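Here's the structure we're looking at; comments come further down.
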2 protein chains.
Amino acid sequence: MSLNNTDRRIRRTKRMIRDALTELMEDKGFDAITVRDLTDKADINRGTFYLHYKDKFALLEQCEGEVLEELAQVQGHVKELQLANFYEHFHRGEPLPFIVKLFEYLKENGAFMRVILGPNGDPLFQVKMKDILAEHLLKHMVKKARTEMEVPFEYFKAYVISAHLGVIQEWLFSGMKESPKEIAMTAFKLTFLGPRRAAGLVSDKN
Amino acid sequence: MSLNNTDRRIRRTKRMIRDALTELMEDKGFDAITVRDLTDKADINRGTFYLHYKDKFALLEQCEGEVLEELAQVQGHVKELQLANFYEHFHRGEPLPFIVKLFEYLKENGAFMRVILGPNGDPLFQVKMKDILAEHLLKHMVKKARTEMEVPFEYFKAYVISAHLGVIQEWLFSGMKESPKEIAMTAFKLTFLGPRRAAGLVSDKN
DNA sequence: TTGTATCTGTTCAATATGGAACAGCTTGAG
DNA sequence: CTCAAGCTGTTCCATATTGAACAGATACAA
């Protein structure tokens, strides 16, 4: 287990195992996967697997960790693009830059994200995704006026964050047909205008 | 260059180089490809390439050779399925088994075949494909009655074989939407009934 | 011309991966 | 129950792949 991580073979092997994990989770779910399944699909020696991962659980954990790390890097790249608040972005017809970047990242890793956020996925990963969403969505909204809220803050938070995750999942499972910017704008409108108005179920007057 | 070919790494490396070749030929054509392009895309060391191939030309040659070898194996697997002649197959509503197997093989190797038989492909490979087609199509048709032909045999041969290759190319480039059996039957009808009648441009009476 | 850059083949020692075998464990059929 | 089959970790040596460096070729701009 003393492999130096800058070697091309290591990166390639890990990527192939990760791709195999993705495919197999789609087929039979994580629980039914054996290490032999993984190494057969990845076309590597079974012994090689154990050079990198203690078992299949450690594999899943590390894959999820890498995704979260990469999402953290996305966070860094868009800090300077953020305007002061929701309203400014909306009047420019632009969704929040971080959300766009998030969807772009999801599209790149579509297969893995669809599995991990899907029916056979990892509930804990959903929680971590929500944490990331919360950090970036809430810091823009809470500034406005906290006193005049008619709903406990925690429920508001749970509502918006979970709604966004729902949009993400629907997008992933329906084939990511919309562009990242389009789907980000969709989620943005639903939050900014409220679901009913954004969906056109009520007029602007109401 | 004394590698033993049963090692998993060898097979994997060759497959990755071959996949890289396929992708790059689609992008920029064979001439523009450098060895560095190939090894970058395949994600292997450049030196590894030279352990298996003298240069990119040898690579192409070997890839084509492997495809032709595999097609030869397909030939062996269907010998016993062949009926005596065209007519028997047609009256059962079945295309020639070899042609079905051929399309099934093409579908499996769609990416490479599309490139190698495409606008940036290898004309010599087309010739070899025609040889294979000829061997299996003609031995069924020629038996019937060679004397009453109104066209020199060589032109007849060139017409039918090239027509089949054209069907193959059209199928590959249009996304292989029909099943191998369907497209094989299409090619079979065009040959058995003649193109105009098969296409319904003339009635059965004519 | 001279340089600057990239590609080509080739070599080397270091090492990650290969195939194979092993005992221990679980699972399911007889 | 017993037996057979499959999976799990682990180990061994053999070897394919790696990163690096090298000289020579080609192309292209100063």
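Any value given below was found using the heavy atoms of this structure, including those in side chains, with hydrogens, waters and symmetry copies removed. Order of the sequence lines sets the chain letters (A, B, ...), proteins ahead of strands, with each chain counted from 1. Quick caveat, the model's predicted, so the values are computed rather than measured.
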Any donor-acceptor pair under 3.5 Å between the side chain of B/Arg46 and the base of C/dG9?
yes
Closest heavy-atom pair and its distance - A/Trp171, A/Lys177
NE1-N, 4.2 Å
B/Thr34 or A/Gly47, whichever maps to the more 5' nucleotide of DNA chain C:
B/Thr34
Between A/Arg18 and A/Phe112, is NZ or CZ placed under 6.0 angstrom from the six-membered ring centre and within 45° of the ring axis?
yes
Rounding to an integer number of Å, can you tell me how far B/Ile33 CD1 sits from C/dT6 C1'?
17 Å
Go nucleotide by nucleotide along DNA chain C from the 5' end; which of B/Asp55 and A/Ile44 gets its closest nucleotide reached first?
B/Asp55
Starting from C1' on C/dG19, measure out to CZ on B/Arg11 and report it in whole angstrom.
11 Å
How far apart are the closest heavy atoms of B/Ala184 and B/Val100, and which atoms are they?
CB-CG2, 3.8 Å
Protein-nucleotide distance (A/Phe49, atom CZ; D/dC7, atom P), rounded to Å
14 Å
On the side chain of A/Arg9, is there an atom forming a donor-acceptor pair with the base of D/dT17 - under 3.5 Å, no angle test?
yes
Rounded to whole angstroms, how far apart are CG on B/Leu38 and C1' on C/dG9?
15 Å
Between NZ of B/Lys56 and C1' of C/dG9 the distance, given in whole Å, is 15 Å
How close or far is atom P of C/dT8 from atom OH of B/Tyr53, stated in whole angstroms?
16 Å
Distance test, side-chain N/O of B/His52 to OP1/OP2 of D/dT17, below 4.0 Å
yes
Cation-pi, B/Phe30 ring and B/Lys56 (6.0 angstrom, 45 degrees)
yes
Does the side chain of A/Leu106 come within less than 4.5 Å of A/Ile168's, by heavy atoms?
yes
Do any side-chain nitrogens or oxygens of A/Tyr50 fall under 4.0 Å of OP1 or OP2 in D/dT10?
no
In whole angstroms, the gap separating P of C/dT11 from CG of B/Asn45 amounts to 15 Å
Reckon A/Thr13 has a side-chain N or O less than 4.0 Å from the OP1 or OP2 of C/dA16?
no
Which comes earlier along DNA chain D counting from the 5' end, the contact point of B/Thr48 or that of A/Val35, where each point is its nearest nucleotide?
A/Val35
To the nearest Å, give me how far apart CZ (B/Arg12) and P (C/dA16) are.
14 Å
